[in-house]
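Every number for a ligand or one of its atoms is a count from 1 in the order of the listing. Nothing fancy with the numbering, it's 1 onward along the sequence.
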Amino acid sequence: MKKIGILTSGGDAPGMNAAIRAVVRKSIYNGLEAYGIYQGYSGLINGNIQQLELGSVGDIIHRGGTMLRSARCDEFKTKEGQQKGIEQLKKFGIDALVVIGGDGSFMGAKALTEQGFPCIGVPATIDNDISGTQFTIGFDTALNTVLNAIDRIRDTASSHERTFIIEVMGRDAGDIALWAGLAGGAETILVPEEKYEMESIVERLRSGQKRGKKHSIIVVAEGVMSATDFAQELKKSIDIESRVSVLGHIQRGGTPTGFDRVLASRLGARAVELLLEGKGGRTVGIEKDHIVDNDILSVLGQPRKFSKDIYDLSQILSI
Ligand code: F6P
């Protein structure tokens with residue numbers, strides 16, 4: 001193996017740049033050439049590929065987003081699209097690929113591996129919704145961005161004695177809502193993994209009012225429903241003054257935290273090691289501070305475990 005390709009795909013996540021840097025530098029350290037594939041799988045299909053040197057990845061470890069840019073590419077879901085990608089890889093003499101992204105990106109890596117082209121998946125998504133790893137790159141940064149917002153909203157919520165309904169990202173997974181809700185002291189957290197009962201939410205708000213509580217914070221993961229819809233539903237059951245705040249894509253940007261930079265560096269470097277060991281079709285991850293790797297099929301085949309213990313704790317601590 002002489003040449004490794006790297007691409008980032010799907011929703012960007014803070015720390016992707018640190019992962020790119022690790023893959024490039026670890027490759028060059030081991031005498032390999034590294035090639036950046038720009039704009040994810042659509043860049044692969046179009047041959048938007050350039051060699052990266054040590055200096056190409058300088059001054060990026062602290063930057064959010066991805067220097068390779070990203071895209072969601074429907075064409076790559078087809079056999080024809082994948083074939084075009086493989087032709088480009090052959091044209092550039094690239095022997096193996098590191099794919100940095102979420103489960104959609106891993107589907108592409110799986111398809112390429114099945115067609116005889118070794119790929120390693122590096123989990124990067126703010127949603128923290130990939131199995132085979134306790135944390136994905138970008139989750140910690142997004143968590144802290146959301147927390148920062150909740151803390152600020154709390155100031156105005158308490159000044160005006162209002163209930164705030166804060167919508168956070170997470171289409172299928174509630175980790176951002178759960179962790180930020182717990183750390184931000186939210187009274188109610190709504191996640192796609194757990195059913196909610198409006199009656200008990202209202203009861204919680206009422207008992208808070210009785211204790212003299214003037215404001216409250218409700219965090220809703222977008223996968224449950226929009227904060228606006230929830231506010232309308234809530235209004236039918238209790239007469240409180242509420243406001244809605246949708247945090248949106250602000251959660252995807254910003255300087256990666258130290259945790260995300262270290263995680264990205266470790267996972268990116270391990271991906272190169274696996275390829276050097278002749279392994280493809282695997283994903284890397286972290287479990288109990290150990291870097292692990294798993295068959296990409298098993299990772300895609302099983303939904304990530306929801307932290308019920310953290311959810312239950314959040315319920316107890318917000319009484
Ligand atoms: O997958 C990450 C994510 O940020 C989700 O939480 C969110 O639902 C989605 O991407 C938004 O995607 P887009 O940037 O295409 O609007």
Contact atoms of ligand 1, heavy-atom distance to His249 under 4.0 Å
13 (P), 14 (O), 16 (O)

Would you mind checking which non-hydrogen protein atom is closest to atom 15 (O) of ligand 1, with the distance to 0.1 Å?
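For atom 15 (O) of ligand 1, the nearest protein heavy atom is Arg72 NE, 3.1 Å.
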
Can you tell me the protein heavy atom closest to atom 2 (C) of ligand 1 and the distance?
Asp127 OD2, 3.5 Å

Residues two or more places apart in sequence or in another chain: which of them pass side-chain contact (heavy atoms from CB on, under 4.5 Å) with Ser27?
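Residues passing side-chain contact (heavy atoms from CB on, under 4.5 Å) with Ser27: Ile4, Val23, Leu32, Ala34, Val272.
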
Side chains of Asn144 and Thr257 only: does a donor on one sit below 3.5 Å from an acceptor on the other?
no

Would Asn17 and Arg21 count as having a side-chain donor-acceptor pair, cut-off 3.5 Å?
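On atom types as modelled, these side chains do not qualify, holding no pair under 3.5 Å.
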
Does Gly102 have a heavy atom less than 4.0 Å from any atom of ligand 1?
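No.
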
Can you check which of Gln251, Glu222, Arg171, Arg252 brings a heavy atom nearest to atom 11 (C) of ligand 1?
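Shortest heavy-atom distance from atom 11 (C) of ligand 1: Arg252.
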
Do Arg304 and Asp129 sit within salt-bridge range, that is, some charged N less than 4.0 Å from a carboxylate O?
no

Quick one: list whatever passes ring pair (Phe, Tyr, Trp, His ring centres under 6.0 Å) with Phe76, sequence neighbours left out.
Tyr41

